[in-house]
Amino acid sequence: MAVAERTDNVWSERDTTPGAVEEALRVLLSERHAQSSGYVPARALNLVCIVDREWSGEIANRLRGIGRFHASRTIVCAYESGRTTMDATASIVTDGVPSPGEFALMRETIVLNVGQEHLAQLDRIVDPLVVTDVATVIWSPHGHSEAIDALLSLAQVVLLDSVDDPDPHHALARVCELAARAHIVDLAWLRTTPWRERIASAFDPPARRPELGTISGVTARIREGSEVAGLLLLGWMCSRLGWKPGPLTARQSTLSGRARGRRGEVELKLEHTPQMSVPGLAGIELRTAAGATLSLERGTGGLTARRTERDGTERSWTVLGASRGEPGILGEGLRQALVRDATYSEALNAARELL
Amino acid sequence: MSTATPQQENPLAVGLERLPVHPTTLTIFGATGDLAQRKLLPALYNLAHEGALPERFHLVGISRAEHDDDEFRNMAADAIRRFSRRTPDEAVLTRLLADVRYVTGSFDEEEAYAKVGEVLDAFDEADGGNLLNRCFYLSTAPMFFPVIVEALGRAGLNERDSADVRVVIEKPFGTSLAEAQELNNRVLSVFQERQVFRIDHYLGKETVQNVMAFRFANGLFEPLWNRNYIDHVQITASEDLGIGSRAGYYDSAGALRDLVQNHMLQLLCLLCMEPPVMFTANEVRDEKVKVLHAITAPTVDTVAQMAIRGQYTAGSVGAEDVVGYLEEEGVPQDSHTETYAALRLEVDNWRWAGVPMYLRTGKRLARKVTEIAVVLKPVPHLGFQQDGTQDVRPNQLVMTVQPNEGVSLSLGAKVPGTRMRIRPVNMEFLYGTAFMSESPEAYERLILDVMRGDATLFTRNDEAEAQWRIIDPIEQAWEKDTTPPATYEAGTQGPAEAANILLGDDRWRAI
């Protein structure tokens, strides 16, 4: 695939209609295809993004930073208080100019400037604009739950970040509500992926597998405000290992409680770590009934793992992996829209029981 | 050999996209060589970058070149920076290579294996006495494969309790049936088959694996996938490049051994095999072997009717004038080595009997493409003849492995206008348009599979021998034949004589 330069075709109109936008987009695609049959439209995913217009630049920057996981067609609904008419801009971006025998991908972006009256009927506005037979993802980073509700009839996936809501109870309740109607991709859950992979790996060798049944305590350290990420990780452990979680109680900067495992109680803790600059987890420690501990902490070039045996013997090593950064997490979120992770809903349900 | 007993499933691994890989030490024989530098080390880096390597991973290099650990570390870092598909994160790169070890030694020196053993034991020791799995990757000239394997056996490095030991053998796996059998015998006198991973990197390509997905995940094609509807099959692996600096290897191998014996027969197997009951290593390979067994090997006397060889002469590729094969540096002027090979095979079983399977490969052809074209039989009657139907062609389903990976189906469609004129149009699926993920390099997938112990995408001993059984008579016939190969001008479709092996009205697709 040629990746030489980026070229744009742009159309815009004030006080327009979805039909006019759709027609304009078709013309733009046709014009580009007439220039070369090597221009082919990407057809992996529709992304419908609802944003406050005043913050749309920040969201555009986030989307630009996600690397290769771009949606095929992005429809940005930029909300502006007091607006009664709809303005639109449609553009096509290509990866470059296709060489003979090669192709260059085309991706479409539509920006709709909308007002309050449009949000509740966003499904009717957006429906003609999405590519049919391709998964549609809704992402509404600035709230606007009425718009999400309106779009659920045409979308299959809701992308969200459950740590955005400062109230964990409300955050998890809302996710559960949405999960009943669409597949959820939760960025807070995706931030736990490397941790979950490493915990699973630590107990995967046959000699270590029996220790899973002897885990007696788990402490997750999180940035303040990322409680949901910690709860999801603890919920994941409970659901995977068959622990019956009980509610955590707050004491200073720690949430603690117990789960009932098959061989006894498991102590669960969520602790705040003040130094963290990014949302999510800072570290985790697992303790076994035999007195061994395994801890994972953020480190340079990956996670720093440390295992302490009952006799005090300690070993540490680096579990390799590059940080994905927040743009990488968002890109991964879009990719995960095409994948299904059945363990999330089980972890989510267990996380709710921890509250 | 692992003596570990089967364990309960790891409940924490359920739902993870990347399954855990057990702690492993990977030893690369020929670690300073071209393959290691260009492919293996960058693949390891990319696995590390993505967090896909085992939680504890160690790398050992062994080669004849004199280096210490630091020199090898710097060499590996340079290779990764140069050849990795992504710009390395220096923190990850540094950590990956932090405890790398290098052993200088000739592959036939027992002492070198003792040193490797000491290094491996030291890694186990540093790991608290946990036994790490061990993988030995033979990225060396083929002559060293049996030498290394037997030396590993003598050094006691071929098995251990409570951990898995695996050996990866690069292609070519022998240069004839006899050599492949002998190599299998020598390898299997040291390792068990389940420990042996004969690599054919083509099988690690996403688009090659997609042949199975395409066939067995879609009900649309299965009813047509037989001799009743398929007229013939053409598998093409063409390159516009010449032999580059590989004259030494290429002139002794030729196109048939280089690509047909392994990659192209693998593609044929995937295209023709019956659906396996499960996608496990032995189930899939059982089905592939059945296909190979169903192919009637030619005799030396019948080779001329079913195979053609060619050699490129000077010409122009793109806008660049290029020399002929015999003028390439390092190629003997009287070489009869084929740079082009085309064969017609038949898979004599219930599904495929009577369907010609055409395979062709060559260097310095018009362009680079690897594809499988399935040409369906024409419709029995065309009712539009009064309006002109000369452009109506049988449907063709083309699976392109590289470049522009995808699947295309040609259909007859009405040309807009008042008359009922038909011309072919294409329905196209391009990988790049439908998936947001970047395909990993084949070696990344395959190295991970080795560490996981999944041999599905590797060639089994009987499979390798069955491939050679088909190719051997052709090699023998061409060796006996003193007439030079047919020639073709560089940058063209190949020798005109390639048409001689086609049956009936069959025509080669344009490259």
Side-chain angles (χ1 to χ4, degrees), chain A residues 1 40-45 68-72 95 101-103 105-106 134 193-194 196-210 212 236-237 240-242 299-303 305 307 309 313 315 317-323 331 334-336 338-339 341-344 346, chain B residues 2 4-23 45 47-57 86 88-96 98-99 126-128 130-133 162-163 367-369 403-404 406 428-430 432-438:
Chain A
M1 192 191 312
V40 291
R43 288 296 175 254
L45 195 73
R68 59 182 183 270
F69 302 125
H70 289 286
S72 321
D95 283 339
E102 296 199 336
F103 69 92
L105 276 184
M106 293 189 285
V134 169
T193 303
R196 288 183 283 121
E197 287 177 347
R198 294 319 177 185
I199 295 167
S201 290
F203 294 96
D204 203 61
R208 294 280 180 220
R209 198 84 52 90
L212 277 175
W236 170 72
M237 293 208 67
R240 298 312 320 148
L241 296 174
T300 309
L303 300 179
R307 186 177 169 89
E309 304 297 344
T313 314
R315 284 179 301 110
W317 64 94
T318 299
V319 186
L320 297 167
S323 168
L334 289 177
R335 192 182 75 81
Q336 289 284 332
L338 300 174
V339 182
D341 179 356
T343 61
Y344 173 69
E346 294 167 9
Chain B
S2 170
T5 52
Q7 294 289 311
Q8 59 182 28
E9 190 186 9
N10 177 358
L12 298 181
V14 175
L16 293 177
E17 215 176 326
R18 265 196 300 264
L19 294 172
V21 186
H22 291 186
Y45 170 76
L47 291 172
H49 185 104
E50 289 168 5
L53 282 181
E55 57 158 338
R56 277 162 293 145
F57 174 79
R86 58 158 65 90
D89 175 324
E90 288 297 321
V92 176
L93 182 58
T94 302
R95 292 281 180 175
L96 171 67
D99 70 351
D127 218 48
N130 296 312
L131 298 186
L132 301 162
N133 286 350
S162 309
R367 70 185 176 104
K368 175 185 173 73
V369 65
N404 295 347
E428 301 256 13
F429 153 66
L430 287 165
T433 66
F435 296 101
M436 294 190 290
S437 309
E438 189 180 3

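Proteins come first, then strands; the chains are lettered A, B, ... in the order of their sequence lines, and each starts at number 1.
Neither the backbone nor the side chain of B/Ala98 has a heavy atom closer than 4.5 Å to any heavy atom of chain A. Residue contact with chain A, scored on non-hydrogen atoms closer than 4.5 Å, involves the side chain of B/Leu16 exclusively. For B/Pro23, the part lying near chain A is the side chain, with the backbone staying farther off; criterion is any non-hydrogen pair under 4.5 Å. Looking at A/Leu45, the atoms closer than 4.5 Å to chain B (heavy atoms on both sides) all sit in the side chain, from C-beta outward. At a 4.5 Å heavy-atom cutoff, the contact between B/Asp127 and chain A is made by backbone and side-chain atoms alike. Proximity to chain B is limited to the side chain of A/Arg315, based on heavy atoms less than 4.5 angstrom apart. Residue contact with chain B, scored on non-hydrogen atoms closer than 4.5 Å, involves the side chain of A/Thr343 exclusively.
Atom CG of B/Leu430 is separated from atom CG of A/Leu105 by 8.0 Å, given to the nearest 0.5 angstrom. Taking CD1 of A/Ile199 as the start and CG of B/Asn10 as the end, the distance is 11.0 Å to the nearest 0.5 Å. Between atom CH2 of residue A/Trp317 and atom CZ of residue B/Arg95 there is a gap of 13.5 Å, rounded to the nearest 0.5 Å. To the nearest 0.5 Å, atoms CD (B/Glu55) and OG1 (A/Thr318) are separated by 11.5 Å. Between the NE2 atom of B/His22 and the CZ atom of A/Arg208 there is a distance of 12.0 Å, given to the nearest 0.5 Å.
Between chain B and the residues A/Trp236, A/Tyr344, A/Phe203, the largest count of heavy-atom pairs under 4.5 Å involves A/Trp236. Interface check for chain B: of the options A/Val319, A/Asp204, A/Val134, the most heavy-atom pairs under 4.5 Å are formed by A/Asp204. Interface summary for chain A: among B/Ala91, B/Ala126, B/Ala48, the most heavy-atom pairs under 4.5 angstrom belong to B/Ala48. Interface summary for chain B: among A/Met106, A/Glu309, A/Arg198, the most heavy-atom pairs under 4.5 angstrom belong to A/Arg198. Chain B forms more heavy-atom pairs under 4.5 Å with one residue of A/Gly331, A/Ala71, A/Ala202, A/Pro194 than with any other, namely A/Ala202.
The pair A/Arg335-B/Glu17 counts as a salt bridge, with a side-chain nitrogen and a carboxylate oxygen less than 4.0 angstrom apart.
Nearest heavy-atom pair across B/Pro20 and A/Ser201 is CB-OG, 3.6 Å.
Counting only distance, with no hydrogens or angles, the side chain of A/Arg240 and the backbone of B/Pro11 share a donor-acceptor pair below 3.5 Å.
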